[in-house]
There are 2 protein chains.
Amino acid sequence: MSETDVIERLGAFSERELWTAKGFCRIERALDVVGTRSAMLVVRELFYGGTRFDELARRTNLSEAVVASRLKQLHADGIVERRPYQEEGQRTRDEYVLTDRGRGLFPIVVALIQWGEGLKDDHRTGVELVHRDCDAPLSAQVRCEKGHEVPLDQAAVRLKDEKYVTALRSRARKPR
Amino acid sequence: MSETDVIERLGAFSERELWTAKGFCRIERALDVVGTRSAMLVVRELFYGGTRFDELARRTNLSEAVVASRLKQLHADGIVERRPYQEEGQRTRDEYVLTDRGRGLFPIVVALIQWGEGLKDDHRTGVELVHRDCDAPLSAQVRCEKGHEVPLDQAAVRLKDEKYVTALRSRARKPR
DNA sequence: CACCTGACTATGTTTTTGCCAAGTCAGGGT
DNA sequence: ACCCTGACTTGGCAAAAACATAGTCAGGTG
């Protein structure tokens, strides 16, 4: 196993003692939104075509209170929108539909399912995700905008605004 | 917005009233392992090259008790391995290194960072992930094994073992 | 042997997440 | 007007996650 089997840190903070993504990396914001088990299960069912409150509750096996709470939060975060619908002879209800922002979670959902499927250390029989047109299995792959498939040892990270971070750190050191 | 902007359900359970991935989809297993905020933050720092206990604690801003507990669990789940190391004049300690299984989380981490970066609704300045060789930004893309880039409306899912599920459901209906 | 200190562990507490049961509310139907 | 019922909301509770503080332990060093 190589020492490069990590994302290389670039820029002024590349040194291990200086590096911090804490407070800068927006994975934390992503985890604010979909970082609970229940939120992710609701999102999964939205991707599997669930739209109605009762079917989201049934499929996730979460309590109605939790499903209602997660949907409210996902709506507030712009992940779903409410759309009125009406079956004949019944009153108008809302269905929940993924927004553009919500559909942006697609690689995350696929990546989690794919990784989980690789474990095979539980009782579950699993699902398979496929490309409908050719029936080939799906996976989430890390690529760059040039189209290269990028293995972990060719990945790098830098803080977007190092000047800002430098200034922050200078201020943080003073009142000690 | 099209009704196909979801993963199409295939197979015997494609009907919305029958569909359930609950108990079959291994996203739940993935969430068992990395489904807490603290686990994901520790995994992030492992990808950013953190290996030592104290630097993982510093970078994640989690309490030492939580970092210790998460590392123990990640070790038990085969995500990291402990490797002894020794700096001169100091005693032997363990460092934590991602295993193959742990590196398999790479698309998940990239997908979460990428999605979070797209939000831009917080104070964070963000990080950028790049392909070191060409400096082009990274993203997690959903592709099939034939190499096609698969948009959401061309994705489909089926339960792997429908016979088993059918049998389960038959048994579950009896004692009502 | 005594001491230092990094890596935990233990305990109690706080916060967050999730559950259950009961309740509210509003849109249709009668 | 009354009733039904789907979609929540509320309150209390339990479990899980995380924190703070103090403690333990063991590998080095002097």
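Every chain is numbered from 1, with letters handed out A, B, ... down the list of sequences.
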Using whole Å, what does the distance between atom [atom2] of nucleotide [N] and atom [atom1] of [X] come to?
X: B:Asn61; N: D:dC19; atom1: CG; atom2: P; value: 8 Å
X: A:Gln90; N: C:dT30; atom1: CD; atom2: P; value: 12 Å
X: B:Asp32; N: D:dA16; atom1: CG; atom2: P; value: 12 Å
X: A:Arg37; N: C:dC19; atom1: CZ; atom2: C1'; value: 15 Å
X: A:Tyr85; N: C:dG28; atom1: OH; atom2: C1'; value: 14 Å
X: B:Arg70; N: D:dC19; atom1: CZ; atom2: C1'; value: 12 Å
X: A:Leu31; N: D:dA18; atom1: CG; atom2: P; value: 10 Å
X: B:His75; N: C:dC8; atom1: NE2; atom2: P; value: 11 Å

For the pair A:Asp77 and A:Lys72, find out whether any cationic side-chain nitrogen is under 4.0 Å from an anionic carboxylate oxygen. no
Quick one: which of D:dG6, D:dA18, C:dT17 gets closest to the side chain of B:Val66? D:dA18
Proximity to the side chain of B:Arg91 - top-ranked nucleotide from C:dT17, D:dG27, C:dG28: D:dG27
Which residue lies toward the 5' end of DNA chain C, A:Ala39 or A:Arg93, if each is placed at its nearest nucleotide? A:Ala39
If you compare all heavy atoms of B:Leu138 against all heavy atoms of B:His131, which two are closest, and at what distance to 0.1 Å? CD2-N, 3.6 Å
One should read off an interatomic distance between B:Phe13 CZ and A:Tyr48 OH, to the nearest 0.5 angstrom, of 14.5 Å
What distance separates A:Thr99 OG1 from A:His75 NE2, expressed to the nearest 0.5 Å? 9.5 Å
Checking side-chain polar atoms at under 3.5 Å, does A:Arg59 have a donor or acceptor matched by the opposite partner on B:Thr20? no
Donor on one side chain, acceptor on other, A:Thr51 and B:Arg16, under 3.5 Å: yes
Could you list, one pair per line, each protein nitrogen or oxygen that sits under 3.5 Å from a nitrogen or oxygen of nucleotides 8-15 of chain D, together with the distance?
residue, atom, partner, partner atom, Å
D:dC8, OP1, A:Tyr96, OH, 3.3
D:dC8, OP2, A:Tyr96, OH, 2.7

Is the B:Phe47 ring parallel, tilted or perpendicular to the B:Phe106 ring (thresholds 30°, 60°)? parallel
Identify whether any heavy atom of [X] sits under 4.0 Å from a base atom; if not, whether one sits that close to sugar-phosphate; answer base, sugar-phosphate or nothing.
X: B:Glu55; result: nothing
X: B:Arg52; result: nothing
X: A:Glu95; result: nothing

